[in-house]
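Beneath this line is the structure, given in structure tokens, with notes to follow.
The figures that follow rest on heavy atoms only: side chains count, while hydrogens, waters and symmetry mates do not. Numbered from 1 within each chain, the chains take letters A, B, ... in sequence-line order.
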There are 2 protein chains.
Amino acid sequence: MDVTAKPPGGDCKAVGEILSRVGDKWSIQIVVALRSGPRRFNEIKRRVGGISQQMLTRTLKTLERDGMVERTVRPSTPPQVDYTLTPLGHSLSETVHQLAEWAAAHRGNIEDNRLRYDGRQV
Amino acid sequence: MDVTAKPPGGDCKAVGEILSRVGDKWSIQIVVALRSGPRRFNEIKRRVGGISQQMLTRTLKTLERDGMVERTVRPSTPPQVDYTLTPLGHSLSETVHQLAEWAAAHRGNIEDNRLRYDGRQV
DNA sequence: CGGAATCCTGCGAGATACTG
DNA sequence: CAGTATCTCGCAGGATTCCG
């Protein structure tokens with residue numbers, strides 16, 4: 001079967017793929033950190049907070065691979081690298097923003113449900 | 001600092017929470033499987049496809065805890081259990097649908113980017 | 001049929017140290 | 001400053017078996 005085709009119900013798998021791509025621990029936070037403009041490596045690290053440089057490097061590379069961010073090296077001493085959100089990255093951040101609003105709107109509700117559930121179960 | 005308070009920029013963390021909650025391998029697929037109405041355990045298992053009953057049980061329980069699905073036991077022989085999407089679950093599925101559309105719209109783009117990136121790097 | 005309990009594995013992810 | 005290389009560990013998630 002051709003994967004490039006778009007079967008009627010096949011999108012669910014695509015969503016799953018996107019979600020696992022973007023649903024990892026850092027991708028979204030990095031994208032959000034880049035919304036306001038180009039940032040340098042350690043600048044992002046500081047803004048995200050709690051991320052190891054290992055994961056930052058890794059995640060940035062994946063995001064770059066997917067065309068979400070663009071990496072620009074300026075050969076100076078010390079070397080300076082800027083990361084910028086591409087249009088695709090921006091459009092993702094917009095979409096994620098929807099989810100963010102949903103999350104903000106229902107967070108209390110969910111926590112409430114959890115407390116009730118846990119209260120019952122113990 | 002009070003975590004229950006809602007600081008202006010604090011939503012990003014909430015999103016992260018929701019994403020890691022919902023961004024796991026199965027939650028979304030289960031929610032989607034339940035959109036069309038109540039389903040029984042093995043029915044869901046069949047519809048989702050590829051999930052172990054272990055993970056199905058686990059994920060359903062978490063979704064129930066968060067108030068996304070409701071579990072209804074009908075004491076018959078053999079026992080019959082129905083899972084239904086709550087209003088909260090439905091609203092989630094709506095929101096996720098947005099993401100699904102984004103995914104569907106940009107999937108080709110992303111794959112393209114990957115191929116190009118991989119081609120360059122080798 | 002719908003689970004619970006148990007065991008096992010790989011990968012996500014952190015910490016640390018080294019390089020250019 | 002901006003990475004790369006290792007090492008390690010926890011946990012998501014799979015397979016299998018047992019229970020009511």
Quick one: is dG2(C) close enough that its OP1 or OP2 comes under 4.0 Å of any side-chain N or O from Arg40(B)? yes

Within less than 4.0 Å of OP1 or OP2 of dG3(D), is there a side-chain N or O belonging to Tyr83(A)? yes

State, yes or no, whether a side-chain contact exists between Leu92(B) and Trp102(A) at a heavy-atom distance under 4.5 Å. yes

Flag the pair Asp24(A) / Arg21(A) as yes when at least one side-chain heavy-atom distance between them is below 4.5 Å, and no otherwise. yes

If you look at every strand shown and take non-hydrogen atoms under 4.0 Å, does Lys45(B) touch a base, only sugar-phosphate, or nothing? nothing

Using a 4.0 Å heavy-atom cut-off, does Thr57(A) contact any base of the nucleic acid, only the sugar-phosphate backbone, or nothing at all? base

Please report, rounded to the nearest Å, how far the [atom2] atom of [N] is from the [atom1] atom of [X].
X: Arg74(A); N: dA2(D); atom1: CZ; atom2: P; value: 10 Å
X: Asp82(A); N: dA2(D); atom1: CG; atom2: C1'; value: 12 Å
X: Glu43(A); N: dG3(D); atom1: CD; atom2: P; value: 13 Å
X: Leu60(A); N: dC1(D); atom1: CG; atom2: P; value: 16 Å
X: Leu56(B); N: dG13(D); atom1: CG; atom2: C1'; value: 13 Å

Strictly under 4.0 angstrom, non-hydrogen atoms only: write out the protein contact profile of nucleotides 8-20 of chain C, one letter per nucleotide from the 5' end, B, S or -. -----BBBBB--B

Salt-bridge test for Asp82(A) and Arg39(A): reply yes if a basic N is under 4.0 Å from a carboxylate O, no otherwise. no

Going by an N to O cut-off under 4.0 Å, is there a salt bridge joining Glu64(B) and Arg114(A)? no

In this structure, CD1 of Ile44(B) is separated from CD of Gln53(B) (nearest 0.5 Å) by 13.5 Å

Closest non-hydrogen atom pair, Asn113(B) against Gly67(A): ND2-CA, 3.6 Å

